[in-house]
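Contents: one structure, followed by commentary.
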Amino acid sequence: MRLPKFECFYPKTVDEACAFLAEHKDQTRIIAGGTDLVVALKQRRTLPQHLLNLKSIPDLSLISYDQKTGLSIGALATLDDVARNPEIKKLYPSLSQAASRVAAPQIRNKGTIGGNVALDSRCWYYNQSEFWRSTRPACFKAGGDCCYVVKGGKQCYSLISADTVPALITLDASVELVSKAGSRVVAVEKLYTGIGQTPNVIKADEILTRVLVPASSLKGVYIKHAYRGAIDFPLIGVAVSLSLNGGNTVEDVRIAIGAATPAPVRAVKAEAVLKGKALSDELLAEAGQVATKEVTPIVHIFAPVAYKRKMVEVLLKRAVGAANREQGIGSRE
Amino acid sequence: MKQLIELKVNGEVYEVAIESHRTLLEVLRESLGFVGTKRGCDEGTCGACTVLVNGKPILSCLMLATDAIGAEIETIEGQAITGKPSPLQKAFVDYGAIQCGFCSPGMILSAKALLRENPKPTEREIKEAISGNLCRCTGYIKIVEAIKVAAESNV
Amino acid sequence: MGNEYSVVGKRLPRIDAHGKALGQMQYIEDIVLPRMLCGKILRSPLPHAKILNIDTSKAERLPGVKGIVTGKGIPRKTYGIVPKAHDEYALAIDKVRYIGDDVAAVAAVDEDTAEEALSLIKVDYEPLPAVFDPEEAIKPGAPLIHEEYGSNISAKILKNFGDIDKGFAEADYVREDRFYHQAVNHAPLEPHGAIALYDARGKFTVWSSTQIPFFMRRNLAKTLDVPESDVRVIKPTVGGGFGQKLDLFAKDFGAAWLARQTGRPVKIIYNREEVFTCTRQRHPMVIYVKTGIKKDGTIVAQHCRIYADGGAYNSTAPLIITLSAYFMMIPYMIRNLRFEGHHVYTNKPVGGAMRGHGIPQVRFGCESSLDMLAEEAGIDPVALRLKNALRANEPHPAQYKIYTCGLSEAIEKTAESMQWKDRYGKLPKGHGIGIAASAYPSGLNNMSHIGAGAIVKIQQDDGSVTLLSGAADIGQGAESMLAQIAAEVLGVTLQEMRVLAADTELTPLDSGTFGSGVTFRAGNAARLAALDARKQIADVVADKLEVSPDDLVFRDKRVFVQGSSDKGMSWNEAIKAVQYADKPMPIVGRGFYHVDAVEPTTLLTQEGNFSPAYSFMAQGAEVKVDLETGQVKVLKVTAGHDCGFALNPISVEGQLEGSVAGGAGQAIYEDIDWDEGRIRNTNFLDYKMLTSLEMPDVENIEVITNDPYGPFGAKEAGEGTIIPTAACITNAVYNATGVRIKELPITPEKILKGLEELKAKAAAKA
């Protein structure tokens, strides 16, 4: 599969990039690692005239930690860098786990944290070749007016399946978005719209430059439920951050569920069930059941809604349990 | 519009005129003749096109060729030492790790990157390192064995 | 055994492994010819439609486009595998029958231009009603996919042995179940491709990633409407096939046609989506199995009715359902048996040969059926299988000639190694073991190309040996196997051997890589050719040594007199002796192997031996099931395997391990997912073959039976071994969870659903 023709612009600075984008935003796609965009281009899902290639901007891949201000990850830091960074491993284990579970080693060596956070939503009717999509009328995401996943649906129900996103939400992380007009910081939790056509709130003239994680974040775990130990996107990804009051009473907890729904879900009701209570199997089961009601999963190619719902319950229980043990339990099983 | 770029492959610098929309895989195979780098899926899921860029395994089908300017690129053709297989390649040969051979170049490069960084990997670490390289012939067992043997013989 | 041979039976590296390790072997896409054009295929976006008109004028005007061909411009010649069932045009004429069907081929100066040209071809279709489910397709009134058949059942076979009614009447336990085996893709890592050259003398040279060069030549000549002698097919290094590279495809025909049309070489390489959609897949199959056993476990009757979903064309039908039938009658002794097979057209991608070809499906049903009956009857599954296992040289109800059979030994050793007696039914919930068995032919007696030839040429100056064989190495190690056989016979090492293979112009006729006949046919041919060459040398050496040629031994690069190893000479001295003999002749040995012509059966006869030898295998799986998520982890597969004699143990193990990887993938993940004839997972992200992380441990238990007709006792190895894997995993999952999976793959969701049903049943009881 050949790439469509485009020109690739390599800016030297963020300012230069913003200026380019201000001028060409409607005909430009930003490329970082390219592991998602290159496939989209090959499949002709997007046909930009320009690629704005952030690779040439120095320092955009720096990872730094400060006890007061917390963690700053340049958008161009690779997922492998994030997974292996000793401070992230120690202080933000759920993020390290999530990054280490994305796809496969080669993808993590190229794919970036910024790309993962800004990952386009996915669907088995849209992430297909141009030929495949040509065999039936266009869906919402392809500019048409129907959804093949939710029949009769009034919008696109494609899924945000990025592994790092639930972890970042439970870490209270935010992203820095820079444009010619200035910059703004948006919480990762507020970044996604739940509408597949326009899955996030990043504007066409904005560049995601950094991911910021507060120093005060609670430690947690990320559990990826996927068919295989590599290559797959998650069927469900659950992140939990937790602090305990003395014994095993939950002081604070944040729970996020990814890949189940068009936008990742913060399971606030399940959090409320847990807060202030002593952890027990019964409590975990209750929180799991509450969480399943907070999520309306979209069907997976190999798993019906009921199975995904059930997995929300099981994984939440496991993730809270694992967070409680304060171990970054691998989730290869 | 074509531009003249330089790519450093296996320690040698090559000048090549390309358009912006060329992948590293296309340029390696079609412009420079490094056909040992295989095109298996062309969409970043099989690992056959794995090459090392600055020591790290990446998928050349997903990399813009212009992104590789200034980088050290290693392909399977650069692995043999004056035409003789490297110890890792030899282990692949001797331990039956190669059947159809189509995944072998990518597999060997993933293994090479692992051993460079971690000369004594555990079996689990080996399996993790090649988890992005699909093989339909061998069931991976002899590949893992070969990498283990190469590690033990100190590549 | 160890010292009997010097080359065969040894753990030697393959002769092509160095080149592959260094990235030097040339696969189809690696070959570049001067002024070569790039070809692409235009495909049908509709599952079923009449082609009203194709307008190529815009595409023709695109600069860089050099040639276009559509169905309108080609001979009305069909092709296929089984001669009487040819039903496919090289490019669609009149009608398209599945999404992806080949409509036109273009050749242009580069890939970008070729792709653009496709988008400029305008095809007017008249959509027709489509049918996607085989059981729907056979109902009256279903849309007809090939009108000339008058039905969507393209092939039907009925086989009857014994008295099925009497058998079931004698049974103490009878059950009937419906099973479903999903569609599976071969997924060789190398996509399919072809390059064609048309020369000034009007002859075609076609390089193709094919498993059967001679079949390819026949089908190409037929579709191009030229004599076979005008077509030369060369197989370059091939990156896996597993049956998917058996057929002719539009890329082969398109490259050849456009090479003639343009006067320039044309290359067409499929992308991964085309490999998934437009080549072949394992037939999805509905399988009804009714089995009756006596209290002591004797199988008294079995009735099997299958519907193989062939998709839009026949490809290997009716062979596929014939093989399904053959393997009802083996590996167990079943005296009363009925098989009803249907090959059904649907508007879907086409079913074809895939490792095991029609047999994994029925054996999954039969092996599951046996385990269910064993439980009802309170018989151990291993004991049940041993009770019914075929034995060598027993009279067989279907007149199979089974000269060697290591099935009982394979079952016993597998069970023993798994500690079956101590563990079966005694493991904690979620942890279980299961067993299944199968057999496989070593080539078929009933195909048109049932023989294979070989030529051994010995260089008179340096004693190096060139073996010419038509056998197609697609990664399984055929060339290395042939080299080992010839080297053993001649008493040289692999270092002296060079194999030149799979070129229809240079190498003798060969049936190609299918039905696991390569070792048996081509291996025997290589042995005979080497013997012929050896005799030519022996005659001269014997003269010199004043002994009888029959007393000479060729071994370890020496030729010497049996019993007195110092009386002899080196290999090179022997070759020199030939060269300096009176009237020296080039040393060329010839060999041809074909199965005994008295025995062959046809596809439709009731009785007869259909293979010169049968391999047997028993496999045991150990699984762990996560009872909350339903995920299955296959921990280990123990495989007892009678391949006669392992010509190269590393290769045999490699085949086995690869089989287990494929079989385990088919058991738990791999599934072609359809949406009205579209495959939704034409990629390795959602077509989930095992990665290194899911691969189970494999224990290989060799059972040696030394087949009297196999080369050095060898039989088939590596295709049949994929058959019992999914079945034994399914049985192990039942043992672990109590959930009986009747539809593959074993998804986590099915496990959870099954567990819930068990819970509800238990609650209802209480």
Side-chain angles (χ1 to χ4, degrees), chain A residues 1-5 39 42-44 101 103-105 107 122-137 148-149 161 223 225-233 235-236 285 288 299-315 317-318 330-333, chain C residues 38 42-47 99-100 110-116 118-119 271-274 276-278 624 626-633 665 668-671 673 675-695 745 747-753 756:
Chain A
M1 272 174 298
R2 294 287 170 166
L3 285 166
K5 290 196 167 77
V39 180
K42 285 185 176 181
Q43 296 184 337
R44 308 302 195 259
R101 287 294 328 269
I107 298 284
R122 306 179 54 81
C123 167
W124 289 276
Y125 291 89
Y126 176 68
N127 290 61
Q128 296 284 359
S129 72
E130 188 176 29
F131 167 73
W132 199 98
R133 284 180 283 115
S134 78
T135 65
R136 52 163 57 176
Y148 292 113
V149 176
S161 302
I223 293 188
H225 186 53
Y227 287 92
R228 294 177 296 184
I231 301 177
D232 293 0
F233 277 97
L235 185 71
I236 304 270
V299 65
H300 179 279
I301 184 172
F302 295 124
V305 169
Y307 179 77
K308 284 180 79 171
R309 200 182 281 285
K310 179 84 189 151
M311 284 311 100
V312 168
E313 186 183 335
V314 171
L315 295 182
K317 195 176 75 177
R318 289 184 179 184
S331 48
R332 287 291 190 203
E333 292 302 301
Chain C
C38 173
L42 181 73
R43 304 195 169 281
S44 167
L46 298 172
I99 292 177
D110 57 32
E111 199 172 338
D112 303 63
T113 312
E115 277 184 6
E116 199 182 338
L118 292 187
S119 69
N271 63 34
R272 186 51 62 181
E273 182 185 25
E274 288 177 297
F276 269 99
T277 308
C278 313
K624 263 194 176 164
D626 184 325
L627 299 171
E628 283 189 325
T629 65
Q631 283 185 306
V632 175
K633 173 119 186 129
I668 60 177
Y669 298 134
E670 295 181 31
D671 190 5
D673 176 76
D675 178 77
E676 297 181 336
R678 285 167 204 84
I679 300 178
R680 285 201 295 174
N681 53 338
T682 61
N683 56 63
F684 294 135
L685 194 55
D686 292 311
Y687 187 81
K688 299 180 187 302
M689 38 207 252
L690 300 196
T691 77
S692 52
L693 295 169
E694 296 80 35
M695 181 64 198
T747 59
E749 180 243 337
K750 288 177 193 164
I751 297 276
L752 289 196
K753 211 168 143 204
E756 267 160 34

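Order of the sequence lines sets the chain letters (A, B, ...), proteins ahead of strands, with each chain counted from 1.
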Please find the pair of heavy atoms, one from [X] and one from [Y], that lie closest to each other, and give the distance.
| X | Y | answer |
| --- | --- | --- |
| C:R680 | A:Q128 | O-NE2, 2.8 Å |
| A:Y227 | C:Y669 | O-OH, 2.9 Å |
| A:R228 | C:K688 | NH1-CA, 3.4 Å |
| C:T629 | A:V314 | CG2-CG1, 4.0 Å |
| C:I99 | A:T135 | CG2-CG2, 3.8 Å |

Which bit of [X] is near chain C, if near means a heavy-atom gap under 4.5 Å: side chain, backbone, both or neither?
| X | answer |
| --- | --- |
| A:Y125 | side chain |
| A:K308 | neither |
| A:R122 | side chain |

Any chance you could measure [X], atom [atom1], to [Y], atom [atom2], to the nearest 0.5 Å?
| X | Y | atom1 | atom2 | answer |
| --- | --- | --- | --- | --- |
| C:D626 | A:H225 | CG | NE2 | 8.0 Å |
| C:C278 | A:F131 | SG | CZ | 6.5 Å |
| C:N683 | A:N127 | CG | CG | 9.0 Å |

Practice task
Identify which of A:I231, A:L235, A:I301, A:L315 forms the greatest number of heavy-atom pairs closer than 4.5 Å to chain C.
Solution key: A:I301
Handout entry: Heavy-atom pair count under 4.5 Å with chain C, highest-scoring of A:R318, A:E313, A:K5
Key = A:R318
Practice task
Mind running side-chain contact (heavy atoms from CB on, under 4.5 Å) on A:F302 and C:E749 for me, showing each step along the way?
Solution key: CA-CA 9 Å; A:F302 295 124; C:E749 180 243 337; over 6 Å; no
Let me know if [X] has heavy atoms under 4.5 Å from chain A in its side chain, its backbone, both or neither.
| X | result |
| --- | --- |
| C:E628 | both |
| C:R272 | neither |
| C:P748 | both |
| C:I679 | backbone |

Practice task
Among the options C:L118, C:I668, C:D673, C:T277, pick out the one with the most heavy-atom pairs lying under 4.5 Å from chain A.
Solution key: C:D673
Completion exercise
chain A shares the most heavy-atom pairs under 4.5 Å, among C:N271, C:D112, C:L752, with C:D112
Exercise for the section: Would you check if the side chain of C:E273 reaches a backbone N or O of A:S129 as a donor-acceptor pair within less than 3.5 Å? Expected result: no
Practice task
Look at the side chain of A:W132 and the backbone N and O of C:T682, then say whether any donor-acceptor pair between them is shorter than 3.5 Å.
Solution key: no
Does any part of the side chain of [Y], heavy atoms only, come nearer than 4.5 Å to the side chain of [X], both counted from C-beta?
| X | Y | value |
| --- | --- | --- |
| C:D675 | A:R136 | yes |
| C:E115 | A:R44 | yes |
| C:N681 | A:W124 | no |

Exercise for the section: For C:E111 and A:M1, run side-chain contact (heavy atoms from CB on, under 4.5 Å): C-alpha distance rounded to whole Å, both residues' side-chain angles, the deciding distance at 0.1 Å, then the answer. Expected result: CA-CA 9 Å; C:E111 199 172 338; A:M1 272 174 298; 5.9 Å; no
